[in-house]
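Hydrogens, waters and symmetry mates are skipped; everything else that's a heavy atom, side chains included, is used.
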Amino acid sequence: MIKIIDIETAVSSVLKCKGFDVFASEVKEGYKRPCCFIEVLPVSVTLENPYSEIVTDSVEITYFPETETKEELLNTAQKFKETFLYKPIKVKDRFLSANEITFDVDKSALVCFFELEFIQETNASSSVKDVMENLKERVVTRGYGTSKNTD
């Protein structure tokens, strides 16, 4: 079962491999620029059947540039697009893909949003039925033929 912390860890790992410094969104001060803040939140859960559910989680990456230039924000947006839109993200034993990425600028920071949707098992326990020990059969015929070979 994939949890939000698993997605946050996977996104953080991908960003670190691309050379970004990454912080949890709870850090408010004392960080060095350039850096990224990650926040993963649940969007929806749809029950498919008693044993599986469709989960949608949103990922928000806020990038604070070293120098507040439009060029750096555009270059970073391109890196995010190449990193998260064209390649699936490995989360535990699964690969999750984003189908759409949106960008916004908040003051001097670039904000990147995307959603990850996946199917997983629910925590529902399945009831186990007793195994049948012996099957008693009875064959009934109506006399329309014979069971013997008459050749």
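Within the 3.5 Å criterion, the main-chain N or O of Cys112 finds no donor-acceptor partner in the side chain of Glu60. Listed for the Lys90 side chain is a donor-acceptor partner under 3.5 Å among the backbone atoms of Lys92. With hydrogens and angles ignored, the 3.5 Å screen pairs a side-chain donor or acceptor of Arg94 with a backbone N or O of Ile119. Panel note: side chain Ser13, backbone Thr9; no donor-acceptor pair is recorded below 3.5 Å.
To the nearest 0.5 Å, the span separating OG1 on Thr102 from CD on Glu115 amounts to 8.5 Å. Taking CG of Asp6 as the start and CG of Asp93 as the end, the distance is 10.0 Å to the nearest 0.5 Å. Between atom CG of residue Leu85 and atom OG of residue Ser97 there is a gap of 9.0 Å, rounded to the nearest 0.5 Å. Taking CG of Leu15 as the start and SG of Cys35 as the end, the distance is 11.0 Å to the nearest 0.5 Å. Taking OG1 of Thr69 as the start and CD of Glu66 as the end, the distance is 10.0 Å to the nearest 0.5 Å. Rounding to the nearest 0.5 angstrom, the gap separating the CD1 atom in Ile7 from the CG atom in Leu96 is 6.0 Å.
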Item checked: Candidate pair Val55 and Ile2, rule side-chain contact (heavy atoms from CB on, under 4.5 Å), full reasoning -> CA-CA 9 Å; Val55 178; Ile2 294 176; over 6 Å; no
Checklist line | Worked verdict on Thr62 versus Asp106 for side-chain contact (heavy atoms from CB on, under 4.5 Å) | finding: CA-CA 9 Å; Thr62 306; Asp106 183 20; over 6 Å; no
Checklist line | Audit row: Lys3, Glu8, side-chain contact (heavy atoms from CB on, under 4.5 Å) steps and yes/no | finding: CA-CA 9 Å; Lys3 298 180 181 173; Glu8 193 172 270; over 6 Å; no
Sequence neighbours excluded and cut-off under 3.5 Å, please list the side-chain donor-acceptor pairs for residues 43-50, or say none.
from: Asn49; atom 1: OD1; to: Tyr51; atom 2: N; distance (Å): 2.7
from: Asn49; atom 1: OD1; to: Ser52; atom 2: N; distance (Å): 2.9
from: Asn49; atom 1: OD1; to: Ser52; atom 2: OG; distance (Å): 3.3
from: Asn49; atom 1: ND2; to: Ser52; atom 2: OG; distance (Å): 3.3

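Placement of Val40 and Val14 within a single hydrophobic cluster is found when ILVMFWY residues are connected by side-chain heavy-atom separations under 4.5 Å, directly or transitively. Placement of Val22 and Leu41 in two distinct hydrophobic clusters is found when ILVMFWY residues are connected by side-chain heavy-atom separations under 4.5 Å, directly or transitively. Val91 and Ile54 end up in different hydrophobic clusters when Ile, Leu, Val, Met, Phe, Trp and Tyr side chains are linked at under 4.5 Å.
Summarising the hydrophobic clusters (Ile, Leu, Val, Met, Phe, Trp, Tyr; side-chain heavy atoms under 4.5 Å, direct or chained), the residues clustered with Ile5 are none.
For residues 91-122, the set of pairs meeting the ring pair (Phe, Tyr, Trp, His ring centres under 6.0 Å) definition, not counting sequence neighbours, comprises Phe84-Phe114.
At least one side-chain heavy atom of Leu73 sits less than 4.5 Å from a side-chain heavy atom of Pro65. Within the 4.5 Å cutoff, no side-chain heavy atoms of Leu116 are placed close to those of Thr56.
By the side-chain hydrogen bond (donor to acceptor under 3.5 Å, both in side chains) test, Thr67 is found to be paired with Glu72, residues two or more places apart in sequence or in another chain being considered. Remark: Phe20 pairs with Tyr63, Phe80 by the ring pair (Phe, Tyr, Trp, His ring centres under 6.0 Å) rule, at least two apart or across chains. Annotation: ring pair (Phe, Tyr, Trp, His ring centres under 6.0 Å) contacts of Phe64 (sequence neighbours excluded): Tyr31, Phe37.
When all heavy atoms of Ile89 and Ala10 are compared, the pair lying nearest together is CG2-CB, 3.8 Å. Counting all heavy atoms, side chain and backbone alike, Met1 lies closest to Glu53 at CE-OE2, 4.2 Å.
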